[in-house]
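Below is one structure; the comments refer to it alone.
The figures that follow rest on heavy atoms only: side chains count, while hydrogens, waters and symmetry mates do not. Order of listing sets the numbers, starting from 1, for every ligand and every atom in it.
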Amino acid sequence: MKIVDAKVIICCPGRNFVTLKITTEDGLYGLGDATLNGRELAVASYLSDHVVPLLIGRDARRIEDNWQYFYKGAYWRRGPVTMASIAAVDAALWDIKAKSLNTPLYQLLGGASRDAVLVYGHASGHDVEDTVKAVAQFQKSGYKAIRAQSGIPGLASTYGVHSGSGHYEPAEKDAPPENVWSSEAYMTFIPTLFARLRKEFGEELHLLHDVHHRLTPIEAGRVGKSLEPYHLFWMEDPTPAELQESFQLIRQHTTTPIAVGEVFNSIFDCQQLIQEQLIDYIRATVVHAGGISHLRRIANFAELYQVRTGCHGATDLSPVCMGAALHFDLSVHNFGIQEYMPHTSETDKVFPHAYSFRDGVMHPGDEPGHGVDIDEALAAKYPYQRAYLPVNRKSDGTMHNW
Ligand code: GCO
Ligand code: MG
């Protein structure tokens, strides 16, 4: 089953997406997401300039061999640009294989391990009471697990909270906006938010929170400890994870479960975190962690250490990634939860999909392949627009982690 065409489609139906479409000699095609928020064109170039010429003529059925060819064959291993490109090839080839066998992808991944996939939604507000209202709204829409982020007294803006009204969207057009951060203000405030949420919503609702890499390990230990009475489902990205051993310090101080990995692109990024049981959930996902093939390797390794999956699912991951992730989630034994931020209706129209949400859970649907398509004519109406993620500084002007 020779690959005869591979095309990189860039579009911006509300935000930028990069999609790889691979076509075989018998007319089947598969799609893979290659979106890297704020760096989309680098991946598009890596694909068009370096991967596509090598894809033509290769056998689409040899998914593992193709993965190894692009990983080992580049010599320069890992990194978000390379791995997002390999991920796009991998997801497209799994899509083709499942279509060629006329089966939904999860059936090829071992079949369903559960009836549906638990997801969490994003509630946020400008202050505590605003956030209470947002959580109530999500609960009313059926969510059983809700991430809560709030504006912090004394800080003009912060991660996860929309500057106006409406939904939070990480990237902004033109130059990167600059935020000002204070770990002290955050650490004082955050337990009051979750105390209020538990008081309002009781003990049953799953509450999650994203620290977005902003604390030092010892500060993260303090925050985790202060949140213990409110038994979070997880505290996400408490500190940057380049130094994996730094999580030992957090673990020594708190039993609040930890989720990490949305920026990881390889099993080597989380080897120590998993092996030493320094985390509870691994957040790597299809597009940034080398596709379905590599993500399964990470999940299988994590299973040995009772670490569960919690795939990243922000709006900067396209519906193609979401579809593929849901097949993975449904099938993998050590699934934990899936993040779900619904896309805009423009995006949903460009990417018609079989997956659906109801009563706090999602299902990938039963269409052959991963069940996500692209309307290329419509996509062409939304050309790329430069956009950046914000940057973050401390109040004295020092650059900090965003
Ligand atoms: C999350 C993430 C996102 C990221 C975004 C970056 O937990 O959903 O932290 O909001 O910031 O995906 O591109
Ligand atoms: Mg996050």
Numbering as shown, the atoms of ligand 1 that approach [X] to under 4.0 Å (heavy-atom distance):
X	answer
His312	1 (C), 2 (C), 3 (C), 8 (O), 12 (O)
Arg147	1 (C), 7 (O), 8 (O)
Trp402	11 (O)
His212	4 (C), 9 (O), 11 (O)

For [atom], find the nearest protein heavy atom and state the residue, atom name and distance (0.1 Å precision).
atom	result
atom 8 (O) of ligand 1	Glu339 OE2, 2.4 Å
atom 3 (C) of ligand 1	Tyr159 OH, 3.5 Å
atom 4 (C) of ligand 1	Glu262 OE2, 3.5 Å
atom 5 (C) of ligand 1	Asp316 OD1, 3.5 Å

Within-shell test, Arg283 vs ligand 1, heavy atom, strictly < 4.0 Å =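 Checking ligand 1 against Arg283, which is what was asked, there is a heavy-atom contact under 4.0 Å.
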request  = Return yes when at least one N/O/S atom of Asp237 is nearer than 2.8 Å to the Mg ion (ligand 2), and no when none is.
outcome  =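 Within the cut-off used here (under 2.8 Å), Asp237 places no N, O or S atom near the Mg ion (ligand 2).
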Metal check, the Mg ion (ligand 2) vs Glu236 N/O/S, cut-off below 2.8 Å =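 Here the distance criterion (N, O or S atom, under 2.8 Å) is met by Glu236, so yes.
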request  = Would you mind telling me which of Thr35, Thr344, Asn37 makes a side chain to side chain donor-acceptor pair (under 3.5 Å) with Arg15?
outcome  =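 The single option meeting the side chain to side chain donor-acceptor pair (under 3.5 Å) with Arg15 is Asn37.
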key: Distance-only donor-acceptor check, side chains His122 and Glu339, under 3.5 Å   =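 The criterion, which ignores hydrogens and geometry beyond distance, is satisfied for Glu339 and His122.
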query = Among side-chain atoms of Gln248 and Gln252, is any donor-acceptor pair under 3.5 angstrom?
reply =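 Judged by distance alone, the side chains do not pair up.
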query = Do you know the tightest heavy-atom contact between Leu227 and Ile190?
reply =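 Smallest interatomic distance, heavy atoms only, reads CD2-O, 4.1 Å.
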query = Should the proximity of His122 to ligand 1, defined as any heavy atom under 4.0 Å, be assigned to the side chain, the backbone, both, or neither?
reply =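 Under 4.0 Å from ligand 1, His122 contributes side-chain atoms alone.
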task = Please round to the nearest 0.5 Å and tell me the distance separating atom CD1 of Ile374 and atom NE2 of His353.
result =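 It is 13.5 Å, given to the nearest 0.5 Å.
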Salt bridge present between Glu129 and Arg196 (N-O < 4.0 angstrom) =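 Looking at Glu129 and Arg196, the cut-off is met.
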request  = Give the name of the N/O/S atom in Glu262 that lies closest to the Mg ion (ligand 2).
outcome  =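 Looking at Glu262, the N, O or S atom with the least distance to the Mg ion (ligand 2) is OE1.
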inquiry  = What is the name of the N/O/S atom of Asp210 that is nearest to the Mg ion (ligand 2)?
reply    =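 When I compare the N, O and S atoms of Asp210, OD2 is nearest to the Mg ion (ligand 2).
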message = Here's a test for you: under side chain to side chain contact (heavy atoms under 4.5 Å, CB included), which of Asp95, Ile96, Thr103 qualifies with Lys99?
response =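 So, applying the side chain to side chain contact (heavy atoms under 4.5 Å, CB included) to Lys99 and each of Asp95, Ile96, Thr103, only Asp95 qualifies.
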inquiry  = Quick check with a 6.0 Å cut-off and a 45 degree axis cone: is Arg58 positioned over the face of Tyr69's six-membered ring?
reply    =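 Flagged: Arg58 positioned over aromatic ring of Tyr69.
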query = Is the Lys NZ or Arg CZ of Arg308 less than 6.0 Å from the centre of Trp234's six-membered ring, within 45° of the axis?
reply =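 No.
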